Amino acid sequence: FDCDVMGSLWIFLFFLLEIRTFDCQPFKPNATQRDLLTLWTFGEEQGKDRVSEGPYKYKLYEDNGPILRSHEGVFNGMSAFLHPGQRFYSPRADVPALDFHGRVNLTVVAWLNRMPYCGFANYSDHNKYPCCEFVAGLFNESAAARQYGLFMNLHSYNSSNQTDGLVSSNGGDTPGQDGCVTGAYGSTPVPYFQWSCLAMTYDGSYVRAYYNGKLDQRSGLNPFPYNEGIYDGGSHGADFTVGSNSAFGQIGRA
(Lines give C-alpha, C1' and ligand atoms only; values in the text may rest on other atoms or scores of the structure.)
Protein backbone atom coordinates (compact mmCIF):
# COMPACT_ATOMS: atom_id res chain seq x y z
CA PHE A 1 0.00 0.00 0.00
CA ASP A 2 0.93 3.64 -0.32
CA CYS A 3 1.01 6.15 2.47
CA ASP A 4 1.98 9.73 3.06
CA VAL A 5 0.64 10.98 6.38
CA MET A 6 2.75 12.03 9.32
CA GLY A 7 0.91 13.07 12.45
CA SER A 8 2.11 15.88 14.68
CA LEU A 9 5.68 15.50 15.87
CA TRP A 10 8.82 17.20 17.04
CA ILE A 11 11.80 16.19 14.93
CA PHE A 12 15.57 16.31 14.36
CA LEU A 13 17.13 14.67 11.33
CA PHE A 14 20.55 13.76 10.01
CA PHE A 15 22.10 11.79 7.16
CA LEU A 16 25.29 9.76 7.02
CA LEU A 17 27.12 8.26 4.10
CA GLU A 18 27.79 5.05 5.99
CA ILE A 19 26.88 3.66 9.39
CA ARG A 20 28.96 1.45 11.62
CA THR A 21 27.58 2.02 15.13
CA PHE A 22 25.67 4.83 16.78
CA ASP A 23 24.29 5.44 20.26
CA CYS A 24 21.68 8.09 19.43
CA GLN A 25 23.35 10.67 21.66
CA PRO A 26 23.11 14.31 20.51
CA PHE A 27 26.29 15.74 19.03
CA LYS A 28 27.70 18.69 17.14
CA PRO A 29 29.26 18.19 13.68
CA ASN A 30 33.03 18.14 13.65
CA ALA A 31 35.86 17.23 11.36
CA THR A 32 36.20 13.71 12.77
CA GLN A 33 32.72 12.73 11.62
CA ARG A 34 33.81 12.10 8.06
CA ASP A 35 30.62 10.27 7.04
CA LEU A 36 28.20 13.02 8.15
CA LEU A 37 26.40 14.68 5.25
CA THR A 38 23.64 16.81 6.80
CA LEU A 39 22.20 17.54 10.23
CA TRP A 40 19.04 19.53 10.79
CA THR A 41 18.37 20.61 14.39
CA PHE A 42 15.37 22.83 13.45
CA GLY A 43 16.30 25.71 15.69
CA GLU A 44 15.09 28.37 13.26
CA GLU A 45 11.92 30.36 13.86
CA GLN A 46 8.74 29.54 11.99
CA GLY A 47 8.65 31.07 8.55
CA LYS A 48 12.41 30.64 8.15
CA ASP A 49 14.17 28.10 5.94
CA ARG A 50 15.78 25.31 7.96
CA VAL A 51 19.46 25.00 7.05
CA SER A 52 21.49 21.87 7.76
CA GLU A 53 24.79 21.69 9.57
CA GLY A 54 27.66 19.54 8.34
CA PRO A 55 29.49 19.72 5.02
CA TYR A 56 26.30 20.34 3.00
CA LYS A 57 24.27 23.43 3.88
CA TYR A 58 20.95 22.32 2.45
CA LYS A 59 17.74 24.30 2.97
CA LEU A 60 14.37 22.82 3.88
CA TYR A 61 11.33 24.90 2.95
CA GLU A 62 7.99 24.95 4.73
CA ASP A 63 4.97 23.53 2.93
CA ASN A 64 1.47 24.24 4.23
CA GLY A 65 3.23 26.31 6.89
CA PRO A 66 4.31 28.15 8.84
CA ILE A 67 5.78 25.28 10.84
CA LEU A 68 6.16 26.04 14.52
CA ARG A 69 9.41 26.01 16.45
CA SER A 70 9.02 24.27 19.78
CA HIS A 71 11.20 24.97 22.82
CA GLU A 72 11.69 21.28 23.44
CA GLY A 73 14.36 19.04 22.00
CA VAL A 74 17.39 16.83 22.47
CA PHE A 75 20.00 18.89 20.60
CA ASN A 76 19.58 22.59 21.31
CA GLY A 77 16.40 22.69 23.37
CA MET A 78 14.36 23.38 20.23
CA SER A 79 12.70 21.41 17.47
CA ALA A 80 10.14 21.69 14.68
CA PHE A 81 6.51 20.88 15.43
CA LEU A 82 4.66 19.58 12.39
CA HIS A 83 0.89 19.59 12.38
CA PRO A 84 -0.89 16.98 10.24
CA GLY A 85 -0.61 17.92 6.58
CA GLN A 86 2.56 19.97 7.00
CA ARG A 87 5.96 19.03 5.67
CA PHE A 88 9.40 20.34 4.82
CA TYR A 89 10.75 19.89 1.31
CA SER A 90 13.76 20.60 -0.82
CA PRO A 91 13.85 20.18 -4.62
CA ARG A 92 16.00 17.20 -5.56
CA ALA A 93 18.26 19.42 -7.65
CA ASP A 94 19.15 21.32 -4.47
CA VAL A 95 20.18 18.24 -2.45
CA PRO A 96 22.41 16.14 -4.74
CA ALA A 97 24.27 14.50 -1.84
CA LEU A 98 20.97 12.99 -0.63
CA ASP A 99 20.11 11.53 -4.04
CA PHE A 100 21.17 8.00 -3.14
CA HIS A 101 20.76 5.44 -5.91
CA GLY A 102 22.30 2.14 -6.86
CA ARG A 103 23.98 -0.20 -4.37
CA VAL A 104 25.20 2.50 -2.00
CA ASN A 105 25.72 3.13 1.70
CA LEU A 106 22.90 5.14 3.22
CA THR A 107 21.88 6.08 6.77
CA VAL A 108 18.90 8.19 7.84
CA VAL A 109 18.47 8.98 11.54
CA ALA A 110 15.67 10.98 13.17
CA TRP A 111 14.90 11.95 16.74
CA LEU A 112 11.18 12.51 17.07
CA ASN A 113 8.37 12.85 19.58
CA ARG A 114 5.33 11.15 18.13
CA MET A 115 1.79 12.45 18.60
CA PRO A 116 -1.37 10.27 18.43
CA TYR A 117 -3.01 11.82 15.41
CA CYS A 118 -3.93 10.25 12.13
CA GLY A 119 -6.49 11.54 9.64
CA PHE A 120 -7.46 11.20 6.00
CA ALA A 121 -9.48 14.22 4.94
CA ASN A 122 -10.99 14.00 1.45
CA TYR A 123 -9.80 10.43 1.08
CA SER A 124 -12.41 7.68 0.98
CA ASP A 125 -10.19 4.60 1.01
CA HIS A 126 -8.57 5.04 4.42
CA ASN A 127 -9.72 1.65 5.66
CA LYS A 128 -7.75 -0.05 2.88
CA TYR A 129 -4.72 2.18 3.40
CA PRO A 130 -4.26 2.71 7.15
CA CYS A 131 -2.37 5.68 8.49
CA CYS A 132 1.28 4.94 8.02
CA GLU A 133 3.64 7.76 8.94
CA PHE A 134 6.41 9.10 6.71
CA VAL A 135 9.47 10.64 8.37
CA ALA A 136 11.96 11.55 5.63
CA GLY A 137 13.40 10.57 2.27
CA LEU A 138 13.01 10.74 -1.49
CA PHE A 139 9.80 8.79 -1.94
CA ASN A 140 7.20 10.19 -4.35
CA GLU A 141 4.59 7.47 -4.67
CA SER A 142 2.22 9.48 -6.90
CA ALA A 143 4.87 9.77 -9.62
CA ALA A 144 6.29 6.24 -9.17
CA ALA A 145 9.55 7.89 -8.10
CA ARG A 146 10.33 6.04 -4.88
CA GLN A 147 13.97 5.81 -3.81
CA TYR A 148 14.21 5.47 -0.02
CA GLY A 149 12.13 6.50 2.95
CA LEU A 150 12.16 6.25 6.74
CA PHE A 151 8.67 5.42 8.00
CA MET A 152 6.70 4.44 11.06
CA ASN A 153 3.51 2.45 11.38
CA LEU A 154 3.51 0.56 8.10
CA HIS A 155 0.91 -2.19 8.16
CA SER A 156 2.48 -4.74 5.85
CA TYR A 157 3.42 -8.14 7.26
CA ASN A 158 1.08 -7.81 10.26
CA SER A 159 2.95 -4.72 11.41
CA SER A 160 1.96 -1.51 13.16
CA ASN A 161 3.64 1.37 15.03
CA GLN A 162 7.22 0.17 14.40
CA THR A 163 10.23 1.70 12.61
CA ASP A 164 10.46 0.89 8.90
CA GLY A 165 12.92 1.63 6.11
CA LEU A 166 11.68 1.24 2.54
CA VAL A 167 13.67 1.18 -0.71
CA SER A 168 12.74 0.70 -4.34
CA SER A 169 14.74 -0.47 -7.33
CA ASN A 170 12.12 0.53 -9.92
CA GLY A 171 10.42 3.59 -8.40
CA GLY A 172 7.05 1.84 -8.55
CA ASP A 173 5.22 -0.92 -6.74
CA THR A 174 6.89 -3.99 -5.32
CA PRO A 175 6.19 -6.72 -7.93
CA GLY A 176 2.93 -8.45 -7.08
CA GLN A 177 1.98 -5.86 -4.44
CA ASP A 178 -0.35 -2.88 -4.31
CA GLY A 179 2.35 -0.35 -3.53
CA CYS A 180 5.94 -0.51 -2.34
CA VAL A 181 6.50 -2.81 0.64
CA THR A 182 10.19 -3.58 0.05
CA GLY A 183 12.39 -2.96 3.06
CA ALA A 184 13.08 -3.55 6.74
CA TYR A 185 10.31 -3.74 9.34
CA GLY A 186 11.11 -3.46 13.04
CA SER A 187 9.25 -5.05 15.92
CA THR A 188 9.19 -2.45 18.72
CA PRO A 189 6.23 0.00 18.86
CA VAL A 190 7.32 3.65 18.76
CA PRO A 191 5.66 5.28 21.80
CA TYR A 192 3.76 8.55 21.91
CA PHE A 193 4.77 11.60 23.96
CA GLN A 194 8.45 10.77 24.34
CA TRP A 195 11.61 11.22 22.30
CA SER A 196 12.68 8.24 20.23
CA CYS A 197 15.62 7.73 17.89
CA LEU A 198 14.70 5.95 14.65
CA ALA A 199 17.03 5.00 11.83
CA MET A 200 17.25 3.08 8.58
CA THR A 201 20.37 1.94 6.76
CA TYR A 202 21.24 0.34 3.45
CA ASP A 203 24.66 -1.05 2.54
CA GLY A 204 24.01 -2.53 -0.90
CA SER A 205 23.12 -5.92 0.55
CA TYR A 206 20.76 -5.36 3.49
CA VAL A 207 18.19 -2.81 4.64
CA ARG A 208 18.04 -2.39 8.42
CA ALA A 209 15.73 -0.56 10.83
CA TYR A 210 16.92 0.69 14.22
CA TYR A 211 15.09 1.81 17.34
CA ASN A 212 16.95 3.86 19.95
CA GLY A 213 20.34 2.87 18.56
CA LYS A 214 19.77 -0.88 18.36
CA LEU A 215 18.87 -3.10 15.44
CA ASP A 216 15.16 -3.79 15.95
CA GLN A 217 15.40 -7.38 14.80
CA ARG A 218 12.53 -9.24 13.18
CA SER A 219 12.92 -12.62 11.55
CA GLY A 220 13.12 -12.34 7.76
CA LEU A 221 12.29 -8.63 7.79
CA ASN A 222 15.03 -6.89 9.77
CA PRO A 223 17.68 -7.11 8.53
CA PHE A 224 16.10 -7.45 5.10
CA PRO A 225 18.30 -8.86 2.30
CA TYR A 226 18.25 -6.57 -0.72
CA ASN A 227 20.90 -6.33 -3.44
CA GLU A 228 18.85 -4.73 -6.22
CA GLY A 229 19.96 -1.20 -5.46
CA ILE A 230 17.98 2.04 -5.20
CA TYR A 231 16.10 3.58 -8.09
CA ASP A 232 17.73 6.46 -9.96
CA GLY A 233 15.03 9.08 -10.40
CA GLY A 234 17.19 11.29 -12.60
CA SER A 235 16.13 14.88 -13.17
CA HIS A 236 12.43 14.00 -12.77
CA GLY A 237 12.70 12.01 -9.56
CA ALA A 238 11.34 12.69 -6.10
CA ASP A 239 12.05 15.80 -4.08
CA PHE A 240 13.41 15.37 -0.58
CA THR A 241 10.63 15.71 2.01
CA VAL A 242 10.24 15.51 5.79
CA GLY A 243 6.94 14.74 7.53
CA SER A 244 4.91 13.79 4.46
CA ASN A 245 5.39 12.42 0.99
CA SER A 246 3.11 12.35 -2.05
CA ALA A 247 0.74 9.44 -2.65
CA PHE A 248 -2.47 9.11 -4.65
CA GLY A 249 -1.80 12.56 -6.06
CA GLN A 250 -2.05 14.15 -2.61
CA ILE A 251 0.41 15.53 -0.09
CA GLY A 252 -0.41 15.19 3.57
CA ARG A 253 -3.90 13.72 3.54
CA ALA A 254 -4.58 15.01 7.06
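Nothing here was measured: the structure is a model prediction, and the numbers come from that model.
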Q: Apply the side-chain contact (heavy atoms from CB on, under 4.5 Å) test between His83 and each candidate in Ile67, Asn64, Leu68; give the one that qualifies.
A: Leu68
Q) Do the charged groups of Glu44 and Arg69 touch, with an N to O distance under 4.0 Å? A) no
Q.
Keeping Asp164 on the side-chain end and Leu154 on the backbone end, is there a donor-acceptor pair under 3.5 Å?
A. yes
Q | Asn212 (side chain) donor-acceptor with Cys197 (main chain) under 3.5 angstrom | A | yes
Q. Atom OG of Ser52 and atom NZ of Lys57: how far apart are they, to the nearest 0.5 Å?
A. 6.5 Å
(Q) Looking at Gly85, is its backbone amide N or carbonyl O close enough to the side chain of Ser244 to form a donor-acceptor pair, meaning the two atoms are under 3.5 Å apart? (A) no
Q | Residue pair Ser196 / Tyr211, side-chain heavy-atom distance below 4.5 Å | A | yes
Q) Can you check whether Tyr192's main-chain N or O pairs, donor with acceptor, with Arg114's side chain at less than 3.5 Å? A) no
Q) Closest approach of Ala209 and Gly186, non-hydrogen atoms and distance? A) CB-N, 4.3 Å
**Q.** Option among Val242, Thr163, Leu166, Thr107 that satisfies the side-chain contact (heavy atoms from CB on, under 4.5 Å) test with Leu150
**A.** Thr163
Q) Minimum heavy-atom separation for Ala110 to Val135, with atom names? A) CB-CG1, 3.8 Å
(Q) Strictly by salt bridge (charged side-chain N to carboxylate O under 4.0 Å, His left out), give each pair with a member in residues 150-163 just once, sequence neighbours left out. (A) none
(Q) Would you compute the distance between atom CZ of Arg146 and atom OG1 of Thr182 and round it to the nearest 0.5 angstrom? (A) 9.5 Å
Q | Ring center gap for Phe88 and Phe42 short of 6.0 angstrom | A | yes
Q) Looking at OH of Tyr61 and OG of Ser90, how far apart are the two atoms once the value is rounded to the nearest 0.5 Å? A) 5.5 Å
Q: Check whether any side-chain heavy atom of Trp111 lies under 4.5 Å from a side-chain heavy atom of Ser79, and answer yes or no.
A: no
Q: For Phe81 and Ser70, work out which heavy atoms get closest and say how close.
A: CB-CB, 4.4 Å
Q) Can you tell me how far NZ of Lys59 sits from CG of Asp49, rounded to the nearest 0.5 angstrom? A) 5.5 Å
Q. Atom CG in Leu60, atom CG in Asp94: separation rounded to 0.5 Å?
A. 10.5 Å
(Q) With side-chain contact (heavy atoms from CB on, under 4.5 Å) as the criterion, how do Val167 and Tyr226 come out once you've worked through the C-alpha distance, each side chain's angles and the decisive distance to 0.1 Å? (A) CA-CA 9 Å; Val167 294; Tyr226 184 77; 3.5 Å; yes
Q. side-chain contact (heavy atoms from CB on, under 4.5 Å) between Met200 and Val109: does it pass, once the steps are laid out?
A. CA-CA 7 Å; Met200 67 168 289; Val109 184; over 6 Å; no
Q) Can you check whether Tyr89 reaches Pro91 side chain to side chain, under 4.5 Å on heavy atoms? A) yes
Q. Going by atom types only, do Asn153 and Gln162 share a side-chain donor-acceptor pair under 3.5 Å?
A. no
Q.
So that I can tick it off, tell me whether Arg87 and Asp63 are bridged by a salt bridge, with the cut-off set at under 4.0 angstrom between side-chain N and carboxylate O.
A. yes
Q: Using the six-membered ring wherever Trp is involved, compare the ring planes of Phe240 and Trp40 and label them parallel, tilted or perpendicular (cut-offs 30° and 60°).
A: parallel
Q: Supply the atom-to-atom distance Tyr157 OH to Tyr185 OH, rounded to the nearest 0.5 angstrom.
A: 5.5 Å
Q) So, are Glu62 and Arg50 salt-bridged, with charged N and O less than 4.0 Å apart? A) yes
Q) Is there a donor in the side chain of Asn170 and an acceptor in the side chain of Ser168, or the other way round, less than 3.5 Å apart? A) yes
Q | Residue that, paired with Phe100, satisfies ring-ring contact (aromatic ring centres under 6.0 Å, His included) out of Tyr202, Phe139, Tyr148, Tyr231 | A | Tyr148
Q: May I ask you to decide if Pro66's main-chain N or O and Gln86's side chain share a donor-acceptor pair within less than 3.5 Å?
A: yes
**Q.** Connected via hydrophobic side-chain network under 4.5 Å: Val51 and Tyr58
**A.** no
**Q.** Donor-acceptor contact below 3.5 Å, side chain Thr174 vs main chain Val181
**A.** yes
Q: For Glu53 and Thr38, run side-chain contact (heavy atoms from CB on, under 4.5 Å): C-alpha distance rounded to whole Å, both residues' side-chain angles, the deciding distance at 0.1 Å, then the answer.
A: CA-CA 6 Å; Glu53 301 180 48; Thr38 58; over 6 Å; no
Q.
Is the shortest side-chain heavy-atom distance between Leu106 and Ile230 below 4.5 Å?
A. yes
Q | Chi angles and distances behind the side-chain contact (heavy atoms from CB on, under 4.5 Å) call for Met152, Leu198 | A | CA-CA 9 Å; Met152 292 184 290; Leu198 312 185; 3.4 Å; yes
Q) With the threshold set at 4.0 Å, does a side-chain nitrogen-carboxylate oxygen contact exist between Asp99 and Arg92? A) yes
(Q) Quick one: does any side-chain atom of Tyr206 pair with a main-chain N or O of Asn222 as donor and acceptor, under 3.5 Å? (A) no
Q: Using a strict cut-off of less than 4.0 Å between a Lys/Arg side-chain nitrogen and an Asp/Glu carboxylate oxygen, indicate whether Asp216 and Arg208 qualify as a salt bridge.
A: no
Q: Verify side-chain hydrogen bond (donor to acceptor under 3.5 Å, both in side chains) between Arg218 and Ser159, making sure each step is shown before the conclusion.
A: CA-CA 11 Å; Arg218 187 173 173 190; Ser159 303; 2.6 Å; yes
